[in-house]
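Please read the structure below before turning to the comments.
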Amino acid sequence: MLPIDAAAHSSRWRRRHPVDKAVLGLGLTLLAISLPPWPGAALVLLTALVVLLGPAGVPGRRLWRAYRVPLGFCVTGALPLLVQVGGPGGFVTPADGGPVHAGELLLRTSAASLGVLLFAFTTPMSDLLPRLVKAGVPAPVVDVALVTYRMSFLLLDSVRRIREAQAARLGHTTRAATWRSLAGLGATAFVRAFDRAARLQTGLAGRGYDGTLRVLVPEARVSVRFVGAGVALLATVTALTFVLERPLT
């Protein structure tokens, strides 16, 4: 199980309805995109961070391990705004207003990423996907997503076991041995993936599969109080943004 998925299953909000958490997490994401970068996105980032580490109870170290990957993409996407290619000053020159534009983009993307992580750290996919059918998503699409979600963990577990076996047999001692081990890893994982898929299809057929996977979903009701508190928090962030709005210079 991936660390973020394990955190979602042990979250304080694990038993809450996904709609409760979507209003808050995805609402913060929308605010990060739509509000002015300063101070809007900065307030969204701070709010999401406080909620994650506070009421949601996400450990700081686990949050950082998950956040550093999208944060790296955010930084990579903002760096090109610092320079411009071509022009009278030379082939590559500092862009006019580059630091401001890069800072605004970094604020927006990093805040939006935290909003998505707030939803991901508190909502297991096994709780979300089956409920999408009631939301109007076609059942076959949900079934494919469920099977893919399950198979991804099985594939990652197979890759881990193969790597451990290769390391125990000194398969990573030299560069040539590492490349051979990598090739063997890819081939073995590919074969095992097809084998597991075939066995899964045979098992479903033997159990009378009729095109729909029926799974038990934990009972949960949408909390009016929780949703109301989330909407109030979003409204507060929006109001503070327009009160404190200043040009980022």
Minimal heavy-atom distance between Ile33 and Ala112, with the atoms involved, is CG1-CB, 4.5 Å
Can any side-chain N or O of Arg12 pair as donor or acceptor with the backbone N or O of Ala56 at less than 3.5 Å? no
Side-chain heavy atoms of Leu240 within contact of Pro39, under 4.5 Å: no
Looking at every heavy atom in both Thr241 and Pro36, which two are closest together, and how far apart are they? CG2-CD, 3.9 Å
Which atom of Leu117 lies closest to which atom of Leu63, heavy atoms considered: CD1-CD1, 4.4 Å
Flag yes if more than 12 heavy atoms outside Arg199 fall under 6.0 Å of its CZ atom; otherwise flag no. yes
Answer yes if Leu53 and Leu45 sit in the same cluster of Ile, Leu, Val, Met, Phe, Trp and Tyr residues linked by side chain heavy atoms under 4.5 Å apart, and no otherwise. yes
Find out whether Leu24 and Asp20 are in side-chain contact, i.e. whether some heavy atom of one side chain is under 4.5 Å from a heavy atom of the other. no
Is the closest side-chain heavy-atom distance between Leu118 and Trp13 below 4.5 Å? yes
Quick one: are Phe121 and Leu114 in side-chain contact, heavy atoms under 4.5 Å? no
Can you tell me how far apart CG (Leu81) and CD (Glu104) are? Round to the nearest 0.5 Å. 10.0 Å
Which atom of Ala193 lies closest to which atom of Leu155, heavy atoms considered: CB-CD1, 4.2 Å
Are Leu233 and Phe242 in one and the same hydrophobic cluster, where Ile, Leu, Val, Met, Phe, Trp and Tyr link if side-chain heavy atoms are under 4.5 Å apart? yes
Minimum heavy-atom separation for Leu35 and Arg108, please, with both atom names. O-NH1, 2.8 Å
Drop me the distance from Leu79's CG to Leu106's CG, to the nearest 0.5 angstrom. 8.5 Å
Any donor-acceptor N/O pair, Thr123 side chain to Pro18 backbone, under 3.5 Å: no
Are Trp64 and Val51 in one and the same hydrophobic cluster, where Ile, Leu, Val, Met, Phe, Trp and Tyr link if side-chain heavy atoms are under 4.5 Å apart? yes
Where the side chain of Ser181 meets the backbone of Gln166, is there a donor-acceptor pair that is under 3.5 Å apart? no
So how far is it from Leu128 CG to Lys21 NZ, rounded to the nearest 0.5 Å? 9.0 Å
Is there a donor-acceptor pair under 3.5 Å between the side chain of Tyr67 and the backbone N or O of Ser110? yes
According to a 4.5 Å side-chain heavy-atom criterion applied to Ile, Leu, Val, Met, Phe, Trp and Tyr, with indirect links allowed, do Val44 and Val116 form part of one hydrophobic cluster? no
What distance separates Leu71 CG from Thr109 OG1, expressed to the nearest 0.5 Å? 8.0 Å
Check: Thr29 and Phe119 side chains under 4.5 Å, non-hydrogen atoms: no
Counting distance only, does the side-chain N/O of Arg62 pair as donor-acceptor with the main-chain N or O of Val58 below 3.5 Å? no
On a heavy-atom basis, which atom in Ala32 and which in Ala41 lie closest, and how many Å separate them? O-CB, 4.4 Å
Say whether Leu28 and Leu52 are linked into one hydrophobic cluster, either directly or through other cluster members, by side-chain heavy-atom distances under 4.5 angstrom. yes
Mind checking whether Arg163 and Leu185 have side chains closer than 4.5 Å, heavy atoms only? yes
Whether Asp157 and Arg160 form a salt bridge (side-chain N of Lys/Arg under 4.0 Å from carboxylate O of Asp/Glu) is what I want to check. yes
Value rounded to 0.5 Å, distance of CG in Leu43 from CG in Leu107: 10.0 Å
Once the angle between the rings of Phe190 and Phe194 is folded into 0 to 90°, is it parallel (under 30°), tilted (30 to 60°) or perpendicular (over 60°)? tilted
